[in-house]
A.B. asks: 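Handing you this structure, nothing more for now.
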2 protein chains.
Amino acid sequence: MAPRKKDVEPLDRERIVEAAMTIIDDEGLEALSMRRLGAALGVNPMAAYYHVPNKAALYDLVLEAVMSGVDLSAIDPAAPLADRLKQGARAYRTAILAHPRAIPVLASRSLRTAAALRPVEPLLGILFEAGLTATETVAAVDCLAQYILGVCVGYYHHTVDEETNVQREFDELDPAEFPNVSRMVAEGRYAGAEAEFEFGLDAFARGLLGGPRMSLEATS
Amino acid sequence: MAPRKKDVEPLDRERIVEAAMTIIDDEGLEALSMRRLGAALGVNPMAAYYHVPNKAALYDLVLEAVMSGVDLSAIDPAAPLADRLKQGARAYRTAILAHPRAIPVLASRSLRTAAALRPVEPLLGILFEAGLTATETVAAVDCLAQYILGVCVGYYHHTVDEETNVQREFDELDPAEFPNVSRMVAEGRYAGAEAEFEFGLDAFARGLLGGPRMSLEATS
DNA sequence: TGACTCATGCTACACCGTATAGTAAGTTAC
DNA sequence: GTAACTTACTATACGGTGTAGCATGAGTCA
């Protein structure tokens with residue numbers, strides 16, 4: 001009928017990714033198909049392909065959108081090194097949890113893209129100032145990012161995804177086969193996603209900054 | 001023509017998951033379709049559905065197969081606590097890297113299934129002995145597992161997946177926008193996946209076992 | 001007015017997971 | 001021996017997916 005509608009702003013990447021994020025947030029990741037996307041934009045399913053080469057590229061835009069939400073402005077420049085590192089890590093996680101249903105997308109893309117690296121930039125400076133070598137700084141940030149991603153993926157399965165969060169708890173395991181798990185469940189409690197994240201982050205930061213570290217320089 | 005072929009062993013879950021693992025290892029994860037699986041087994045695509053309810057369940061079997069490869073027998077019971085913890089973590093990672101192309105499956109399933117928890121059992125004992133509370137033990141193992149998973153996902157994108165491992169390196173970023181990244185690349189080097197894993201593992205273990213930890217008991 | 005480009009619509013293809021139904025071989029009961 | 005039943009498959013088909021290829025109308029510029 002009418003390609004190139006008159007008096008209508010043409011599509012652009014920004015509106016496309018905006019619609020995609022809305023679909024993911026409201027209806028879940030599996031609802032995001034090119035047809036559904038076109039419908040949300042009031043447009044033919046193929047229209048998006050003029051602006052985005054394929055669906056993988058759309059996922060990259062989603063990653064970029066999530067990562068652009070990282071707000072490192074709250075890092076207190078006067079705070080001790082370990083605190084600044086933790087604040088950065090929290091900002092990272094907070095941004096990801098702002099779009100919980102997009103988490104599998106993050107796990108499916110490389111984190112060494114410009115979009116994912118941008119919020120990491122300041123953290124590199126923090127660690128380098130702390131006296132780590134360049135190689136160690138890269139390693140530390142890599143490890144930290146991977147820890148955060150792992151935590152978020154765990155959060156997704158435990159809290160977000162309806163398929164994986166039900167009926168898979170510790171407590172329904174066979175106590176004979178899992179004596180220690182059963183014991184932990186009986187004697188302890190689940191501290192919660194946030195508390196566990198902080199627990200691991202604290203350990204990681206102290207291990208990194210609190211004393212002598214493993215050397216990476218001797219490695220071949 | 002001939003349902004229930006004569007003189008032929010009927011299918012079972014074991015043969016199905018074996019075929020699935022072969023396809024994943026040889027041709028990659030995206031090659032694993034129910035049709036391809038049927039072909040590999042010399043059988044109609046729908047035949048597998050008699051033994052496995054759906055594809056998600058097939059992925060669960062893949063997760064189980066990978067996790068069953070975790071070999072904790074190498075842990076030296078006489079070694080210091082931190083070493084035993086590290087040995088356990090390495091065994092976990094080694095098993096996962098034995099099937100690198102299956103890594104996205106692991107990231108897509110919950111790790112709180114029996115299959116994923118089985119190799120974790122002994123680690124719980126190690127940490128509990130170390131003097132952590134039950135709650136802290138659970139948190140520590142959760143964090144460690146999430147770190148390992150994150151590291152493996154990173155390994156996948158950096159080393160395994162052909163779509164994400166090319167042209168996405170640090171060094172092709174704009175030095176003006178990424179001064180710290182550029183500096184790290186210039187002054188340091190990439191220590192390698194294994195070295196970075198060990199670096200983070202060492203930090204994590206020392207943070208967990210090497211001194212006063214953050215308390216989880218005060219949390220509401 | 002006519003050529004050119006832009007942004008979109010339309011159709012179609014190959015592939016996917018899987019619901020449903022049919023059917024041959026093996027097992028059991030009488 | 002044969003009929004009923006169960007087991008383990010085959011065959012067909014449906015609705016969904018990403019996307020290649022082509023058509024088409026609007027806007028811009030000569």
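The chains referred to below are lettered A, B, ... by the order of the sequence lines, with proteins before strands, and numbering in each begins at 1.
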A.B. asks: Closest to the B:His51 side chain: D:dG18, D:dC9, C:dT8?
C.D. replies: D:dC9
A.B. asks: With nearest nucleotide decided by heavy atoms, which residue, A:Pro53 or A:Arg36, maps closer to the 5′ end of DNA chain D?
C.D. replies: A:Arg36
A.B. asks: Could you give the CG-to-P distance, from A:Asp12 to C:dA7, as a whole number of Å?
C.D. replies: 10 Å
A.B. asks: Given atom CG of A:Asn44 and atom P of D:dA23, what is their separation to the nearest angstrom?
C.D. replies: 16 Å
A.B. asks: Evaluate the side-chain proximity of B:Leu85 to B:Leu144: yes if any heavy-atom separation is below 4.5 Å, no if none is.
C.D. replies: yes
A.B. asks: Looking only at the side chain of A:Leu11 (C-beta and beyond, no hydrogens), which of the listed nucleotides C:dT8, D:dT10, D:dT19 gets closest?
C.D. replies: C:dT8
A.B. asks: Find the distance A:Tyr49:OH to D:dG18:P and express it as a whole number of Å.
C.D. replies: 6 Å
A.B. asks: Between D:dT19, D:dA11, D:dT17, which nucleotide gets closest to the side-chain atoms of A:Met34?
C.D. replies: D:dT19
A.B. asks: Is the closest side-chain heavy-atom distance between B:Met21 and B:Val66 below 4.5 Å?
C.D. replies: yes
A.B. asks: Between B:Pro45 and A:Lys55, who's closer to the 5' end of DNA chain D by nearest nucleotide?
C.D. replies: B:Pro45
A.B. asks: Any side-chain heavy atom of B:Thr113 sitting closer than 4.5 Å to one from B:Asp60?
C.D. replies: no
A.B. asks: Would you say A:Arg15 and A:Asp12 make side-chain contact, with heavy atoms under 4.5 Å?
C.D. replies: yes
A.B. asks: Salt bridge check: are B:Glu177 and A:Arg118 linked by an N-O gap of less than 4.0 Å?
C.D. replies: yes
A.B. asks: Using whole Å, report how far CG of A:Leu37 lies from C1' of C:dT8.
C.D. replies: 14 Å
A.B. asks: When you measure from the side chain of B:Met46, which nucleotide among C:dG9, D:dT17, D:dT12 comes out closest?
C.D. replies: D:dT12
A.B. asks: On the ring face of B:Phe128, is A:Arg183 found with NZ or CZ under 6.0 Å from the centre and within 45° of the axis?
C.D. replies: no
A.B. asks: For a quick test of reading the model: is some side-chain N or O of A:Tyr50 closer than 4.0 Å to OP1 or OP2 of C:dT8?
C.D. replies: no
A.B. asks: Round to the nearest Å and state the distance from B:Leu41 atom CG to D:dA8 atom P.
C.D. replies: 15 Å
A.B. asks: By nearest atom, which of the nucleotides D:dT19, C:dG9, C:dG17 is closest to the A:Asn54 side chain?
C.D. replies: D:dT19
A.B. asks: Side chain of B:Val43 only, please: which of D:dT17, C:dC10, D:dC9 is the nearest?
C.D. replies: D:dC9
A.B. asks: Less than 4.0 angstrom between a side-chain N/O of B:Arg35 and OP1 or OP2 of C:dC15, yes or no?
C.D. replies: no
A.B. asks: When you measure from the side chain of A:Ser33, which nucleotide among C:dG9, C:dT18, D:dT17 comes out closest?
C.D. replies: D:dT17
A.B. asks: Base, sugar-phosphate alone, or nothing: which one does A:Ala47 contact when heavy atoms must sit under 4.0 Å apart?
C.D. replies: sugar-phosphate
A.B. asks: Scan side-chain atoms only and decide if A:His157 and B:Ser110 contain a donor-acceptor pair under the 3.5 Å cut-off.
C.D. replies: no
A.B. asks: How far does the helix from C:dT1-D:dA30 to C:dC30-D:dG1 bend, going by the axes of its first and last five pairs, to the nearest 10°?
C.D. replies: 10°
